[in-house]
Amino acid sequence: MSKKLLIRDLTLRDGQQSLFATRMTQAQIDRVLPLYREANFYAMEVWGGAVPDSIMRYLNENPWHRLEKIKEAIGEVSKLTALSRGRNLFGYNPYPDDVIDGFNRNAIKSGIGIMRIFDALNDTDNIGSTIKSVKENGGIADCAVCYTVDPYFSAIKRLKAILTAKPLQTHIFTDQYYLDKALKLQEMGADMISIKDMAGLIPPLRAGRLVRLLKKNLTIPLDFHTHCTPGYGLASTLMAIVNGADIVDTNIMSFSGGTAAASYEIIQLFCNRMGIDTGVNAEAVVKIDAILREIRLELAQYDQYSEFPREFNIVSDKLPKDIDELFELAIAYAKADKEEDLLNACSRIESYFNFPEPDEKVKEAEVPGGMYSNMLAQLKELKLEKLLPRTLELIPSVRMDAGCPPLVTPTSQIVGAQAVNCAIDESKGLPVYTTKSIQFVNLVKGVYGKTPVEVDPEFRFRIAGVREETAYDTKFYKRQENPVFHEYGEVRLAADEKEELLLELFPTVASNFLKQKVEQKYLDEIHKVEEAKRLKFEAEKQAYNELSPEEKQQRLLDGLYHYNWTSDEDDTLGHS
């Protein structure tokens, strides 16, 4: 009997977000949905993350409609999954329980089967209310432990710490740390656990070790999620499979590699050799990929890579002998825990399939690709690119000062932006932290939750004006206004609970989107009334022109018509 492995396809959410700035339109998605219904993936990640914001902001599309259309097309074949930041949902500040419950209830009602819940600080207290809400509304709670690495300090920095008798904290994110978090989430009611490595920083040996450890101690399924940015993604995913992961996350070939997750097709080739059944209809995937290649061409202006992966039909194409042998070698290396050999074999496989080279800068800096590019963009805008090396040097210190948060959205951007501020302060001869963002202040204060390492009370006082950790109190939460537009017929900006939730979660973007919707509906109603008048007028004109001269005269005398039409006139006046 063959082994089983479930595949979660990320193409329509994480894939397009990682590679094409979440610019797929509903029309483009509709082209692949009938084939996805045939593909039989265990799950499809289609919503959450940047999708709701981006499609309102850039495409003028309704996020709820997108989810509902996908559900209508896929039915019960694959579970639809979404991404949620726990108590923070999509924003920075925490939300009250009724907002969290409203979001989850409507998401599940609209089609979500699995809600992947994570917290940027791995603070389980920020996840509990979402677990409860998801389960009460009939969804599956997929609780993610965010993978990150300890801050890297240079030899000089470590020596200086020893000389000043202020030893640097190390061994923070140990295997035991991740196990403790996973066990706690299982105890809180998680239906499955995901190792979520959004930066692609988990090397193969660590991936295998963590999967073995969690599988040994958990009683619920384990999912493995990573990206290919620094070059570990494919090898680490293979290690997760070899060591017993129940589910792995992949993208279809044309939307995989680079900053995205590993290719389903390559993972399937590995599974074929290991006698592992994924249950996926490979013939349907070949057809989906052909359409995705066309769509990728349409998204060229957002595509950060100039070359596509090699076209490969997983059902009929044969690999060259030397590449075929690499697959066998990679499996053997994974089973033997030979990390360097495994990475070399996977690198050659990816090279054959024309995937992007690993991002060495991200690998060396040990920061997520998005965090790196945002810092560079911030400095470029100020014409201070020369400060990038110093900014990267400052990240470990800034991160430790803030309680060593994992580098994951939004904390990666908060730490990155603050490191830029500190580098600029330093370049001006000012003390670091002279310039600080409100998000960094809130992080240090405790607004976002408990950090992995306690923040020094004196540093907290210096940055936030308080010495004690101060959690956000949702009693101070102020709901977004839902104004009435008198000029558009006494209608509200948000017409129902789903639209009210969009306003709560994306105030500025949703307000603009919903206002356009209200205006367009009003204009459509005016157009409908005017069109009805025009059609009535044309009908009356036609009827009048078909009358005899005597009948026309009599109708005018009877007051039924106010205008004496002729058959060649194009009048728009004087009819009743």
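When reading the values below, keep in mind they use all heavy atoms of this one structure, side chains included, and skip hydrogens, waters and symmetry mates. In this chain, numbering begins with 1 at the start of the sequence shown.
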Would you check if the side chain of [X] reaches a backbone N or O of [Y] as a donor-acceptor pair within less than 3.5 Å?
| X | Y | result |
| --- | --- | --- |
| Asp101 | Asp97 | no |
| Ser256 | Met253 | yes |
| Thr229 | Gly200 | no |
| Ser194 | Lys196 | no |
| Tyr305 | Thr259 | yes |
| Ser351 | Ser347 | no |
| Ser236 | Ile202 | yes |
| Gln413 | Pro410 | no |
| Gln418 | Arg399 | no |
| Asp324 | Leu319 | no |

Heavy atoms from other residues, nucleotides or ligands near [atom1] of [X] exceed 12 (cutoff 6.0 Å):
| X | atom1 | answer |
| --- | --- | --- |
| Arg348 | CZ | no |
| Glu311 | CD | no |
| Lys109 | NZ | no |
| Glu283 | CD | no |

Student check: side-chain heavy atoms of [X] and [Y] closer than 4.5 Å:
| X | Y | result |
| --- | --- | --- |
| Val285 | Val315 | no |
| Phe224 | Leu214 | no |
| Pro52 | Phe90 | yes |
| Gln439 | Leu443 | no |
| Ile241 | Ile267 | yes |
| Lys79 | Ile114 | yes |
| Tyr448 | Ile414 | yes |
| Phe327 | Ile266 | yes |

For residues 39-51, please give each side-chain donor-acceptor pair under 3.5 Å, one per line with the distance, not counting sequence neighbours.
unit_1: Asn40; atom_1: ND2; unit_2: Gly279; atom_2: O; d: 2.8
unit_1: Glu45; atom_1: OE1; unit_2: Arg13; atom_2: NE; d: 2.9
unit_1: Glu45; atom_1: OE1; unit_2: Arg13; atom_2: NH2; d: 3.0
unit_1: Trp47; atom_1: NE1; unit_2: Pro63; atom_2: O; d: 3.0

So which atom in [X] and which in [Y] form the shortest heavy-atom distance, rounded to 0.1 Å?
| X | Y | answer |
| --- | --- | --- |
| Leu292 | Ser254 | CB-CB, 4.2 Å |
| Leu59 | Met24 | CD1-O, 3.3 Å |
| Ala21 | Arg23 | O-NH1, 2.8 Å |
| Asp119 | Cys146 | O-SG, 3.6 Å |

Residue among Tyr232, Tyr147, Tyr178 satisfying side chain to side chain donor-acceptor pair (under 3.5 Å) with Arg206:
Tyr147

Kindly state each residue pair satisfying salt bridge (charged side-chain N to carboxylate O under 4.0 Å, His left out) with at least one member in [range], sequence neighbours excluded.
| range | value |
| --- | --- |
| residues 350-370 | none |
| residues 51-62 | Asp53-Arg57, Glu61-Arg66 |
| residues 505-515 | none |

For Asn251, all residues meeting side chain to side chain donor-acceptor pair (under 3.5 Å), sequence neighbours excluded:
none

Go through the steps to decide whether Ile100 and Asn104 satisfy the test side-chain contact (heavy atoms from CB on, under 4.5 Å), and finish with yes or no.
CA-CA 6 Å; Ile100 293 169; Asn104 289 308; 3.4 Å; yes

Start with the C-alpha gap between Lys71 and Glu76, add the side-chain angles, then the distance that decides, and say whether salt bridge (charged side-chain N to carboxylate O under 4.0 Å, His left out) holds.
CA-CA 8 Å; Lys71 178 61 178 177; Glu76 300 303 318; 3.1 Å; yes

Might you work through the side-chain hydrogen bond (donor to acceptor under 3.5 Å, both in side chains) test for Asn106 and Ser110, ending with a clear yes or no?
CA-CA 6 Å; Asn106 281 282; Ser110 294; 5.6 Å; no

Are Arg293 and Phe308 in a cation-pi setup, meaning NZ or CZ lies under 6.0 angstrom from the ring centre and within 45 degrees of the ring axis?
no

Answer yes or no for Arg296 and Phe255: cation-pi contact, defined as NZ/CZ to six-membered ring centre under 6.0 Å and angle to ring axis within 45°.
no

Report the C-alpha separation of Asp9 and Tyr36 in whole Å, then their side-chain angles, then the decisive distance to 0.1 Å, and conclude whether the side-chain hydrogen bond (donor to acceptor under 3.5 Å, both in side chains) test is met.
CA-CA 10 Å; Asp9 177 75; Tyr36 262 108; 2.8 Å; yes

Asp123 bridged to Arg87 by N-O distance under 4.0 Å
no

Any ion pair linking Glu298 and Arg31 (charged N to carboxylate O, less than 4.0 Å)?
yes

Please name all residues satisfying side-chain contact (heavy atoms from CB on, under 4.5 Å) with Ala494, sequence neighbours left out, ordered by chain then number.
Asn482, Glu499, Glu500, Leu503, Leu514

Measure the spacing between [atom1] of [X] and [atom2] of [Y] and express it to the nearest 0.5 Å.
| X | Y | atom1 | atom2 | value |
| --- | --- | --- | --- | --- |
| Glu307 | Asn354 | CD | CG | 5.0 Å |
| Glu339 | Asn344 | CD | CG | 10.5 Å |
| Leu505 | Asn88 | CG | CG | 11.0 Å |
| Thr11 | Ile288 | OG1 | CD1 | 8.0 Å |

My understanding is that only one of Asp14, Asp249, Asp246 makes a salt bridge (charged side-chain N to carboxylate O under 4.0 Å, His left out) with Arg8; could you say which?
Asp249

Is there a donor-acceptor contact under 3.5 Å linking the side chains of Asn512 and Gln516?
no

Just checking, any donor-acceptor pair under 3.5 angstrom between side chains of Asn272 and Gln268?
yes

side-chain hydrogen bond (donor to acceptor under 3.5 Å, both in side chains) between Gln26 and Asp30: does it pass, once the steps are laid out?
CA-CA 6 Å; Gln26 185 65 51; Asp30 288 343; 2.9 Å; yes

Does Phe173 form a side-chain contact (heavy atoms from CB on, under 4.5 Å) with Lys181? I'd like the steps, not just the answer.
CA-CA 11 Å; Phe173 299 106; Lys181 293 292 180 183; over 6 Å; no

Quick one, Asn62 with Lys498, criterion side-chain contact (heavy atoms from CB on, under 4.5 Å). Give me CA distance, side-chain angles, the key distance, then yes/no.
CA-CA 10 Å; Asn62 189 315; Lys498 289 179 180 177; over 6 Å; no

